[in-house]
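Atom set for the values below is all heavy atoms of this structure, side chains included, hydrogens, waters and symmetry mates excluded.
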Amino acid sequence: MVRFDDTLETVLAADLSGESARASAWRQLVDLIGRGRVAADDRAITTLRTLRDGVPRTVRMGSARAIEHASPPAALVEVLATDRIEIAVPVLRGATLSIAEWTALLPKLAPAARGVLRNRRDLDPAVQRALESFGSTDLVLGDDRLVIAPDVPVPLALPEAPVPVAVPLAPAVSLPTPVAEAEPAPAGPFRITDVMARIEAFERVHERPFAAAPVQRRDEFRFETDATGVIRWVDGVARSPVIGLSLAIGGEPGHAQVDAVAAGALRRRAPFRDARLAITGDSDAAGHWCISGVPAFDHASGRFTGYRGTARRPRRDQRAEPVAGRDTGIAQLRQLVHELRTPAGAIAGFAEMIEAQLLGPVSPVYRSRAGAILDHSRDLVAVIDDLDLAARIDGDALDLRADRVALDPVFATIAGDLTALCELRGSLLEIEPAAIAVLGDRRAVERLLARLLATLVSASAPDEAIHVRMGVEADGNVAIVFDRPAALDAWPGDSVFDVDDGDEDPALLGTGFAFRLARNLAVELGGVLSFGSATLTLRLPAADTVTMGQAQQQ
């Protein structure tokens, strides 16, 4: 199916009578054309030329800096490079045009703009030769000095046209002198110190527009996307670096980038939290962000309409940028897990064959030892699976599908599997039945609930009951509430994630690891795991609420 992108038409059709509307249209057009998202057609370029005088200089400067390394097309480079020098500089420093395009553009540039290009060392020799042909014109500096006749009062303003003064040097150039006290023009040749003073005055006058006000750092902003995940509204930071950014596309190196957490949530129409966003440039939106968003649905039809979200700077204990070497470490861990799973599975299978006497009669002693080996092998395989799951979550490599998962059958299976553990611990597991279903990957939901219940039962004491109850909340989530064992009272709230596991902990990887794994898996499923003083609550999207929104979009 071919999709028509009407982004440019939307911008061009907007009402541009107000100053804010003109500034917004300017930012969007420069960003869309500069990053190659729309073509630099005649209507768009004509609109930019029409808008230029009505857009504040600071807005034009910010837009030019935002696309400095984006390789904008020649038509857009011409619009920006023929503007004031402070707008032209960022574009001319990074523009990559053909020889023909540079040759056509050079005569339209101001001498100061061509001076920016003379400092580049990556231009083609043909372009450099074309620049040299303007040398006699570009090297003539205006005279800002006051020339005052005898007995004539000093004027209050500088003359409109600079007065060139010939200098007998080779090659012959005309240099200005700084505005100074009234004195007669020298009749003879300039001294070296006089020439240097004029050069310094020229640089002070012409470098002044380059000084930009320092950008104020912003710590948060809000945004909204359309149904495709493209950000259409921003409040709190400069709009041009953020508008048009897609949550479904990770971005290209050197430009704004969003990690795969947001893209995965978009596919499932699920909420996401603390996804990483990196924005380049020197605007107040530049830098690293942690973004969170919740899906929005039309109340009448149930159709998914996009995300509403917030962004914040990462805290001191967080990192929004990818950690160097992190992907390599995760890949190595997954490779190790793969190499461990094969021998562990083989040991478990061979022990099971001995215990079942499939290879021939075996004495009771050896059958008992084979049964113990089988139990330990199964525990080891479970640990390996947990490590693999943790590595896939951390590496954004978890493949999840949106299924409708009824909870009663899942809990019935888990309770049956935990019967032996409950008898060993002397505790009781009570689960209230409820005809409720959640939306999520079936295997992941089963793994999450089984891991939570196994960890809670393992921490329970003799004659202790763990009660499980569930219900649908007003916001469309299913809340599953578990009783906390008394053994966890020493770690109130979320501090249970940092349990210092002792030697008696029945979990091989520790209770804290098990709870952290469950929390991360809950987030991948679009939910959240929180701890209270006496209970812990798992919230997952309700299937009946979300399915309607997904069905309407088909």
Side-chain angles (χ1 to χ4, degrees), residues 1-14 24-25 27-39 41 44 66-67 70 221-253 255-280 285 289-311 396 398-402 439-440 476 524-526 541 545-554:
M1 181 178 66
V2 178
R3 299 181 60 184
F4 173 70
D5 188 355
D6 61 348
T7 305
L8 179 61
E9 296 296 333
T10 303
V11 176
L12 295 178
S24 176
R27 291 192 193 98
Q28 295 182 53
L29 286 174
V30 171
D31 185 75
L32 291 172
I33 299 174
R35 301 185 186 282
R37 295 173 180 167
V38 299
D41 60 15
I67 63 168
F221 68 85
R222 296 179 297 157
F223 66 91
E224 291 184 6
T225 77
D226 58 17
T228 64
V230 176
I231 296 178
R232 299 298 186 188
W233 176 84
V234 173
D235 180 46
V237 296
R239 301 175 73 248
S240 57
V242 186
I243 292 293
L245 181 65
S246 175
L247 302 182
I249 303 175
E252 301 176 359
H255 304 298
Q257 291 183 285
V258 184
D259 67 12
V261 172
L266 176 64
R267 290 193 297 268
R268 305 192 305 271
R269 307 296 192 250
F272 62 91
R273 183 178 180 182
D274 290 345
R276 296 189 299 269
L277 168 64
I279 300 177
T280 58
W289 299 87
C290 293
I291 60 174
S292 303
V294 293
F297 299 91
D298 183 80
H299 292 291
S301 63
R303 182 185 297 275
F304 173 71
T305 59
Y307 276 92
R308 296 172 183 171
T310 59
D396 298 327
L398 201 60
D399 184 17
L400 299 177
R401 300 180 180 180
L439 183 75
E524 292 293 318
L525 289 168
T545 302
V546 184
T547 303
M548 179 179 67
Q550 290 187 332
Q552 293 293 336
Q553 71 177 355
Q554 302 297 329

- Item | For Phe272, all residues meeting ring pair (Phe, Tyr, Trp, His ring centres under 6.0 Å), sequence neighbours excluded | Tyr307

Where [X] and [Y] come nearest, the two heavy atoms and their spacing:
| X | Y | value |
| --- | --- | --- |
| Ile33 | Ala44 | CD1-CB, 3.7 Å |
| Ile279 | Pro241 | CG2-CB, 3.8 Å |
| Leu245 | Arg37 | N-NH1, 4.2 Å |
| Ala270 | Pro295 | C-CD, 4.0 Å |
| Ala227 | Leu266 | O-CD1, 4.3 Å |

- Task: Could you tell me which residues satisfy salt bridge (Lys or Arg N to Asp or Glu O under 4.0 Å) with Arg308, sequence neighbours excluded, listed by chain and number?
- Result: none

- Electrostatic pair Asp31:Arg27 at N-O distance under 4.0 angstrom: no

- Task: Measure from the side-chain N and O atoms of Ser292 to the backbone N and O of Asp274, and report whether any donor-acceptor pair falls under 3.5 Å.
- Result: yes

- Is the side chain of Arg269 donor-acceptor paired with the backbone N or O of Gly306 at a distance under 3.5 Å, no angle test? no

If the condition is side-chain hydrogen bond (donor to acceptor under 3.5 Å, both in side chains), which residues does [X] pass it with, not counting sequence neighbours?
| X | result |
| --- | --- |
| Arg222 | Asp235 |
| Arg239 | Ser24 |
| Asp226 | Thr228, Arg232 |

- Message: Which residues pass the side chain to side chain contact (heavy atoms under 4.5 Å, CB included) test with Ala263, not counting sequence neighbours?
- Response: Arg267

- Message: For Ala311, give me all partners under side chain to side chain contact (heavy atoms under 4.5 Å, CB included), at least two apart in sequence or on another chain.
- Response: Phe221, Trp289, Ile291

- Task: Evaluate the criterion side chain to side chain contact (heavy atoms under 4.5 Å, CB included) for residue pair Leu277 and Val258; output intermediate values, then yes/no.
- Result: CA-CA 5 Å; Leu277 168 64; Val258 184; 3.6 Å; yes

